[in-house]
Structure formats: C-alpha cells, structure tokens
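Please read the structure below before turning to the comments.
First the proteins, then the strands, lettered A, B, ... as listed; each starts at 1. All heavy atoms count here, side chains included; hydrogens, waters and symmetry mates do not.
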There are 2 protein chains.
Amino acid sequence: MSMTKRYPTVCPIVFSLDIFGDKWSLLILRDLIILNKRHFGDFLRSKERIASNILTDRLERFIQAGLVTKTDDPKNKSAAIYSPTSKALELIPVMFSIMHWGLKYNPDTDMSIPVMQELKADEKRLKERLLSQFSDAS
Amino acid sequence: MSMTKRYPTVCPIVFSLDIFGDKWSLLILRDLIILNKRHFGDFLRSKERIASNILTDRLERFIQAGLVTKTDDPKNKSAAIYSPTSKALELIPVMFSIMHWGLKYNPDTDMSIPVMQELKADEKRLKERLLSQFSDAS
DNA sequence: CCGCATCCCTATAGATACTG
DNA sequence: CAGTATCTATAGGGATGCGG
C-alpha cells in the first residue's frame, strides 16, 4: 500500500490501517508478539523474507506510532532489542480474528504449529500466555 | 502494498493479508458490510476517495477470492450490484477488532456516527443487525 | 447526466547489493 | 548486527472513454 497517511480521519478503520494496514506490518507484529522475536535479524529471517529497508522503515514507523520501543541489548553491545508496547499488545484480538479467518479458508495452514493448536483449543488461554511474556518487561 | 501473493503459505495471517492486507480492501469491505453500499459509484464517493481503477481492481480480486458477487441491478439496466458473500461477512470480527483499537487510539473518531455507538454499547447486537441485512440475499 | 472501465504517468514500495 | 544505497516494478491518482 502507499504508506501515506490519511489523517485526520473520523473512521477508526482508516486510522488503524494507516498504522498497520500494509503487507508487512502485521507480520512484524506477529513476530514480535506471537513468535516473541526481538532482534532485527530475527525478523529478517522470517519465512516471508522481508527486505531490510522495509523492516527498518516499519520498525521506525512503529516506534513513532508508540507500538514499539527500541533498547540496547545488554548481552550484545552492537545489538538492539525491539519490544512491543501495550498499544501493540492490544492488537492481539486483531491478529487472532485474522488468524481464525485464515485458518478457516487457507488449505495450506500448518496445524502442527503449536500456536495454531492453542488458538483453536483455547484462545483466551493463548492470549494470557502471550501477555505473560511481557509482564516482566519494562 | 505490493499485491503480489505469497502463496502457498502455512501462516493464516500471511494468507489473509494477501487477500485484504492493503490500504483499500478493508475500506471497501467496511462500505459493503457496515455501511451497506452496493454500487460502484457509492464506493467511489466514500470520504477516502478511492481511485476508480483501484476500485475496479479490488472488486475483481474480491470476486476471484469468493468475497463478493456481482449481479445486475433489476432497478437499473446499466448498473451492477456488488454483494458480500458469507466468506466476507465472516470478516466482521476482524473489522470489529480493528474498530475497537482505532476507537481507543484515534482522538478524531466521530462518536456521533450511530455505528460507533452501537459498537461500544453492544457489539453482538450490532453484528446480528448487520448479518440480518443479508439474510434475505441470495 | 450516470455507471463502470481503461489509460497514462509518477511516486514509492520493495528486492538486491553493499557498508560501518 | 543493523542498517544504507541503488534500481526496478507497480500501486494508485487523475484524466479519459464509452455506453446508456
């Protein structure tokens, strides 16, 4: 999508899509929140093979939008840690609803992925598990 | 976004975003499902001012993906009616979750819009009302 | 006039190669 | 590891066309 914003808008859908309504944003949020990735290289190596300049752009946009914080990795001098904020975690229902729809209509969905099993079995429990990963974060 | 598909994918999010993960698709679905629009010109005249070539493209993609059907308007010889299928209606939870998030963070949301009131007051009732609009459709 | 599609052109999303 | 630089494909804005 063109990443140009349509602000200000009275429509909450337009507002939301201007932040994450493109081909890559929700996949980065998936990696951040569901797959618990934290480093630039982790996102780069996702199956979908996001380009590094796009990744840089989206992470910066997320920081500006208050969805992500960037901190130094204490374990690695030259490494940054990208973490989701509560504003990003509140997109879990969006991701879950999209996953439910995709699960239903994508014949290639890999149901052997543990998260898929959890989503079908007990969505609320999965949500709690995901959120608990961040309760100890700053 | 680039509208090139990443099929086949084992991820339900990737699958879904390849269908509606761009700047315009969910807005057209909003118009179809929530605002009950049916004609090409109605979509064109939405506040967001979608270009006619983009609209043509997305409607065709939706038809191919089984989200929309195109029929003749009995009341107007040279007019088509675009209607959502059940596969599209099952995206109501996706739209609602996005609206909830947008409502929370968009200071410019127009809460005087009746649908916004309904969403906050009783989401299930709103969903039932929307679905009832289509129960008499083919 | 209206409804829907197509054309043209430019801005930019994004793939690939390269760098501190 | 975490970006930049370069280049190309294309998304999409605006005008045009065409039948009713």
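- Using a 3.5 Å distance cut-off with no hydrogens or angles, the side chains of B:Lys47 and A:Thr9 do not pair a donor with an acceptor.
- Going from atom CZ of B:Phe40 over to atom P of D:dG17 covers 17 Å, rounded to whole Å.
- When distances run from any side-chain atom of A:Lys23 to the nucleotides D:dC1, C:dA15, D:dT4, the shortest one goes to C:dA15.
- When rounded to the nearest whole Å, the span between CH2 of A:Trp24 and P of C:dA13 equals 14 Å.
- Between A:Glu48 atom CD and C:dG14 atom P there is a gap of 14 Å when expressed in whole angstrom units.
- Residue contacts shown for A:Phe43 are absent, as no nucleic acid heavy atom lies under 4.0 Å away.
- A straight line from CG of B:Asp42 to P of C:dC4 spans 8 Å, rounded to a whole angstrom.
- Using a 4.0 Å heavy-atom cutoff across all strands shown, B:Ala51 reaches at least one base atom of the nucleic acid.
- For A:Ser52, the listed nucleotide lying nearest its side chain is C:dT16; candidates were D:dC1, C:dT16, D:dG13.
- In this structure, A:Arg30 contributes its side chain and B:Ile13 its backbone to no donor-acceptor pair below 3.5 Å.
- If you take CD1 of B:Ile54 and C1' of C:dT12, they are 13 Å apart, rounded to a whole angstrom.
- For the 3.5 Å distance criterion, the side chains of A:Glu123 and A:His100 qualify, holding a donor opposite an acceptor.
- One interatomic measurement links the two molecules: CG of A:Asp18 to P of C:dA13, which rounds to 12 Å at whole-angstrom precision.
- Among the atoms of the strands shown, only primed sugar atoms or phosphate atoms (P, OP1, OP2) are found under 4.0 Å from some heavy atom of A:Lys70.
- Test A:Asp108, A:Ile98, A:Leu119, A:Thr109 against B:Pro12 for side-chain contact (heavy atoms from CB on, under 4.5 Å) and you get one pass: A:Thr109.
- Rounded to whole angstrom, the span from the CG atom of A:Asn76 across to the P atom of D:dA2 amounts to 7 Å.
- For A:Thr56 and D:dT4, a side-chain-to-base donor-acceptor distance below 3.5 Å is absent, hydrogens and geometry of angles not being considered.
- A cation-pi geometry, defined here as NZ or CZ lying under 6.0 Å from the six-membered ring centre and within 45° of its normal, holds between A:Lys87 and B:Tyr105.
- Residue A:Arg58 places at least one side-chain N or O closer than 4.0 Å to OP1 or OP2 of C:dG14.
- For A:Asn53, the listed nucleotide lying nearest its side chain is D:dT4; candidates were D:dA2, C:dG3, D:dT4.
- Distance A:Ile63 CD1 to D:dA2 C1': 12 Å, rounded to the nearest Å.
- Residue contacts shown for B:Ser78 are limited to sugar-phosphate atoms, with no base heavy atom under 4.0 Å away.
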